[in-house]
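Heavy-atom basis, side chains included; hydrogens, waters and symmetry copies ignored.
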Amino acid sequence: MIKNKWKLAFFTLLALIIIALVVLFVMVTSSSEDQAIPTNLNQINGSEVTVKATADDFETLANHFISDATADTQMLMKMFVDKDITLTSKVSVLGATLPVTMDFDPSIDDKGNLILKQTSIAIGRLDIPTQTALKLVKDSGKLPDFITIQPSENQAYINLNAIEVPVSKGTDAYVRATKFDLNNDEIELKVIIPSKE
């Protein structure tokens with residue numbers, strides 16, 4: 001009788017492990033479309049002010065907006081800016097929460113937004129392909145609206161144009177990057193205050 005209980009427990013555990021591995025395999029290998037980079041950006045006209053910033057300044061500003069955008073979600077994300085851009089977060093895999101660290105090399109597109117080319121990624125101690133890791137991050141929680149993850153391109157996109165910066169009651173300014181040279185700690189942002197009609 002005791003042997004049968006141990007046999008039953010063993011096969012139940014074995015079945016659970018197999019099911020967990022199948023679920024993980026399906027999650028990792030299932031195709032997932034990239035989020036589209038916004039193309040319908042409005043051309044904002046108004047007064048323009050160029051602001052010079054350091055990596056520390058940009059990090060503080062970015063984390064403020066990321067914190068606001070994720071306040072009502074389970075997605076806790078933080079940005080670190082030094083010689084590259086690092087995003088940290090957490091993902092849930094089979095009920096376990098694992099830390100994620102993603103390093104990116106930034107560049108500016110013609111709209112003044114940031115294209116982040118992924119250079120390394122780590123999810124806990126898992127050794128998984130970059131595209132799979134980015135897919136897990138994309139699918140694991142509600143990202144800020146201004147951050148787009150594209151696993152097949154190994155990149156993220158930060159739509160600075162979509163960030164509204166309050167400057168006075170009822171008036172928001174918009175931001176575009178014009179220079180992003182982290183090697184020399186030189187960042188220039190153009191702040192556009194829309195004209196009142």
Side-chain angles (χ1 to χ4, degrees), residues 32 34-35 37-38 49-93 96-166 173-191:
S32 173
D34 290 346
Q35 295 172 302
I37 290 177
V49 177
T50 299
V51 176
K52 294 190 176 186
T54 64
D56 286 341
D57 297 332
F58 187 82
E59 179 181 302
T60 301
L61 183 67
N63 281 319
H64 171 78
F65 287 110
I66 290 171
S67 176
D68 281 355
T70 57
D72 297 331
T73 73
Q74 297 298 318
M75 175 66 76
L76 299 174
M77 181 175 281
K78 193 156 187 184
M79 180 183 287
F80 299 92
V81 184
D82 190 19
K83 297 299 180 192
D84 62 2
I85 289 181
T86 300
L87 292 174
T88 62
S89 187
K90 293 183 179 179
V91 296
S92 294
V93 179
T97 302
L98 302 174
V100 180
T101 303
M102 302 171 282
D103 294 318
F104 298 94
D105 185 23
S107 62
I108 304 171
D109 72 1
D110 60 349
K111 298 175 181 73
N113 296 311
L114 294 179
I115 299 172
L116 306 181
K117 282 291 183 183
Q118 187 270 317
T119 55
S120 69
I121 189 164
I123 295 185
R125 293 177 181 237
L126 295 179
D127 184 18
I128 56 179
T130 298
Q131 285 186 9
T132 302
L134 285 174
K135 178 187 174 306
L136 285 172
V137 172
K138 182 178 84 66
D139 294 343
S140 69
K142 177 90 168 72
L143 290 165
D145 291 339
F146 53 85
I147 297 180
T148 301
I149 300 283
Q150 295 189 303
S152 70
E153 300 292 329
N154 289 339
Q155 73 178 21
Y157 185 81
I158 299 182
N159 183 6
L160 295 176
N161 299 169
I163 299 173
E164 298 177 347
V165 183
Y174 297 86
V175 178
R176 291 192 185 115
T178 53
K179 185 175 186 179
F180 214 87
D181 181 359
L182 294 181
N183 288 325
N184 294 307
D185 200 17
E186 294 177 357
I187 297 171
E188 286 184 5
L189 303 173
K190 187 181 288 185
V191 180

Visitor: Going from CG on Asn183 to CG on Asp82, what distance comes out if it is rounded to the nearest 0.5 angstrom?
Guide: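 The distance works out to 10.0 Å.
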Visitor: Taking NZ in Lys117 as the centre, count heavy atoms belonging to other residues, nucleotides or ligands within less than 6.0 Å. Is the count above 12?
Guide: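 Atom NZ in Lys117 is crowded, with more than 12 foreign heavy atoms closer than 6.0 Å.
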Visitor: With sequence neighbours left out, what residues match Lys179 under side chain to side chain donor-acceptor pair (under 3.5 Å)?
Guide: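 Result, side chain to side chain donor-acceptor pair (under 3.5 Å) vs Lys179: Glu186.
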Visitor: About how many Å separate OG1 of Thr50 and NZ of Lys190, when rounded to the nearest 0.5 Å?
Guide: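 Reported to 0.5 Å precision, the distance equals 6.0 Å.
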Visitor: Please determine whether side chain to side chain contact (heavy atoms under 4.5 Å, CB included) holds for the pair Ile85 and Leu182, giving the CA-CA distance in whole Å, both sets of side-chain angles, and the decisive distance to 0.1 Å.
Guide: CA-CA 9 Å; Ile85 289 181; Leu182 294 181; 4.2 Å; yes
Visitor: Please evaluate residues Ile66 and Phe146 with respect to the criterion side chain to side chain contact (heavy atoms under 4.5 Å, CB included), reporting the C-alpha separation (whole Å), side-chain torsions for both, the decisive distance (0.1 Å), and the verdict.
Guide: CA-CA 9 Å; Ile66 290 171; Phe146 53 85; 4.1 Å; yes
Visitor: Taking atom CE of Met77 and atom CD1 of Ile147, what is their separation to the nearest 0.5 Å?
Guide: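 The distance works out to 5.0 Å.
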Visitor: Is the shortest heavy-atom distance from the side chain of Val175 to the side chain of Leu61 under 4.5 Å?
Guide: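 Heavy-atom side-chain distance check fails, nothing below 4.5 Å.
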Visitor: If you measure from OG1 on Thr54 to CD1 on Ile187, what distance do you get to the nearest 0.5 Å?
Guide: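 It is 7.0 Å, given to the nearest 0.5 Å.
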Visitor: With sequence neighbours excluded, what pairs up with Asp145 under the salt bridge (charged side-chain N to carboxylate O under 4.0 Å, His left out) test?
Guide: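 Once residues adjacent in sequence are excluded, the partners of Asp145 under the salt bridge (charged side-chain N to carboxylate O under 4.0 Å, His left out) criterion are Lys142.
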Visitor: Assess whether atom NZ of Lys78 is packed by more than 12 heavy atoms of other residues, nucleotides or ligands within 6.0 Å.
Guide: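 Open.
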Visitor: May I ask you to decide if Asn113's main-chain N or O and Asn161's side chain share a donor-acceptor pair within less than 3.5 Å?
Guide: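 Checked: no pair found.
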Visitor: Kindly compute the distance separating OG1 (Thr148) from CD1 (Ile115), expressed to the nearest 0.5 Å.
Guide: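 So the OG1 of Thr148 and the CD1 of Ile115 are separated by 11.0 Å.
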Visitor: Between atom CD of Gln118 and atom CG of Asp84, what is the distance when rounded to the nearest 0.5 Å?
Guide: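 It comes to 10.5 Å.
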Visitor: What's the verdict on side chain to side chain contact (heavy atoms under 4.5 Å, CB included) for Ile108 and Thr178, showing C-alpha distance, side-chain angles and the deciding distance?
Guide: CA-CA 7 Å; Ile108 304 171; Thr178 53; 5.8 Å; no
Visitor: Would you mind reporting whether Leu114 and Phe104 have side-chain heavy atoms less than 4.5 Å apart?
Guide: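 No, too far: nothing below the 4.5 Å cut-off.
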Visitor: Please determine, by modelled atom types, if Asp103 and Ser120 share a side-chain donor-acceptor pair under 3.5 angstrom.
Guide: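 Asp103 vs Ser120: donor-acceptor pair found between side chains.
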Visitor: Under 3.5 Å, is there a donor-acceptor pair between the Asp57 and Thr60 side chains?
Guide: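 Absent: no donor and acceptor within the cut-off.
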